Amino acid sequence: MVVLRAIFVIMILGCASKFNPESKTVINTTESYYTLWNSPIRGGGSGYSVYIVLDKNLDLNTKHIEIQGIYFKDKYCTLKYQKQHLYQGFIKNKATNTTTLQMEGALKPQPEKEVVTEDIPFKLTGQEAVIVYKLKNVLKHVKIELRKKQTLEVPM
């Protein structure tokens, strides 16, 4: 009986520790966006470049905020500081199935690499994203909406 109670308490605590995005946050990202990219090299992949533009009045140092990363399109990436009020991250899509041949006397297909799937703790739809940040060393999450920005395509 005691064991059942302990398991029940652990299950409740486990469910209560789910990631819940903050409804009120000090981070304002109204100009944040993403762009699509494709590698010009066959089999080089494709993905998203994510740009988080922070409010000009936000001083991360005085508020003790540290930007960590972002969940977008069912993937996670770290966000890198680019310049004041701008962070950038890169998300690579799963590569398309391209068969590579290996030369050893005769041509034979190279074994495929194992695909690692990522289980993200949020249900995101459309252009929703979740920024992960630390506020005074406490991990926080805020859900935002990114807009798609077209890139200038240059012929090769």
Side-chain angles (χ1 to χ4, degrees), residues 1-41 43-98 112-154:
M1 190 70 172
V2 174
V3 174
L4 280 173
R5 284 185 186 161
I7 291 173
F8 182 73
V9 169
I10 290 172
M11 286 176 45
I12 290 175
L13 291 176
C15 292
S17 67
K18 293 265 186 202
F19 295 100
N20 293 318
E22 300 286 320
S23 58
K24 293 182 180 179
T25 181
V26 295
I27 295 179
N28 185 2
T29 60
T30 56
E31 296 179 35
S32 297
Y33 62 96
Y34 71 97
T35 60
L36 297 170
W37 60 267
N38 288 302
S39 174
I41 300 170
S46 65
Y48 304 96
S49 296
V50 180
Y51 300 88
I52 302 303
V53 182
L54 300 175
D55 186 2
K56 304 251 186 266
N57 298 323
L58 178 63
D59 185 5
L60 297 177
N61 292 328
T62 58
K63 298 227 184 245
H64 304 286
I65 297 173
E66 183 182 328
I67 304 294
Q68 301 285 305
I70 191 165
Y71 290 97
F72 183 60
K73 301 288 186 186
D74 295 329
K75 302 229 189 278
Y76 176 83
C77 74
T78 57
L79 289 171
K80 305 284 186 202
Y81 176 84
Q82 296 300 315
K83 63 181 184 178
Q84 191 171 7
H85 306 293
L86 178 66
Y87 285 79
Q88 183 179 17
F90 297 100
I91 296 175
K92 188 172 182 179
N93 288 331
K94 188 171 84 170
T96 56
N97 191 5
T98 56
E112 289 190 28
K113 294 179 183 175
E114 184 179 322
V115 177
V116 177
T117 57
E118 214 172 321
D119 188 24
I120 70 164
F122 303 101
K123 177 69 177 156
L124 300 174
T125 58
Q127 296 176 188
E128 290 180 333
V130 173
I131 297 175
V132 180
Y133 66 99
K134 283 186 179 179
L135 176 63
K136 297 181 182 174
N137 289 326
V138 176
L139 204 59
K140 303 272 186 174
H141 305 86
V142 61
K143 189 180 274 191
I144 65 168
E145 191 82 18
L146 296 174
R147 65 181 173 83
K148 183 177 178 181
K149 190 173 187 181
Q150 297 296 328
T151 56
L152 178 64
E153 301 216 7
V154 180

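Reckoned from all heavy atoms, side chains included, excluding hydrogens, waters and symmetry mates. As the structure is a prediction and not an experimental result, all values here were calculated from the model.
- Ring-plane geometry between Tyr81 and Tyr87 is classed as perpendicular, the angle between the planes exceeding 60 degrees on a 0 to 90 degree scale with a lower cut at 30.
- With rounding to the nearest 0.5 angstrom, the OG1 atom of Thr35 is 8.0 Å from the CZ atom of Phe90.
- In this structure, CZ in Phe72 is found 9.0 Å from CD1 in Ile144, a value given to the nearest 0.5 Å.
- With hydrogens and angles ignored, the 3.5 Å screen pairs no side-chain donor or acceptor of His85 with any backbone N or O of Val53.
- The CD1 atom of Ile131 sits 14.5 Å away from atom NZ of Lys140, with the distance rounded to the nearest 0.5 Å.
- Closest heavy-atom contact between Lys123 and Lys143: O-NZ, 3.8 Å.
- With a 6.0 Å radius and a threshold of 12 heavy atoms from other residues, nucleotides or ligands, Gln82 has its CD atom above the threshold.
- What you find for Lys75 and Asn93 is that their closest heavy atoms are CE-CA, 4.2 Å.
- Summarising the geometry of Tyr76 relative to Gly69, their closest heavy-atom pair is OH-CA, 3.3 Å, with the distance given to 0.1 Å.
- Nearest heavy atom pair, residue Val132 against residue Tyr71, reads CG2-CE1, 3.5 Å.
- The heavy-atom pair separating Lys92 from Gly45 by the smallest distance is CE-CA, 4.2 Å.
- Here the straight-line distance linking atom CG of Leu58 with atom CD1 of Ile65 works out to 5.0 Å at 0.5 Å rounding.
- Closest approach of Ile52 to Ser32, counting heavy atoms only: CA-OG, 3.4 Å.
- Interatomic distance, Lys134 NZ to Leu60 CG, rounded to the nearest 0.5 Å: 14.5 Å.
- Remark: the backbone N or O of Lys63 is not paired with any side-chain donor or acceptor of Lys136 at under 3.5 angstrom.
- Partners of Tyr48 under the side chain to side chain donor-acceptor pair (under 3.5 Å) rule, at least two apart in sequence or in another chain, do not exist in this structure.
- None of Gln127, Lys148, Arg147 except one satisfies the side-chain contact (heavy atoms from CB on, under 4.5 Å) rule with Tyr33; the exception is Arg147.
- The distance from atom NE2 of His64 to atom CG of Asn137, rounded to the nearest 0.5 Å, is 9.5 Å.
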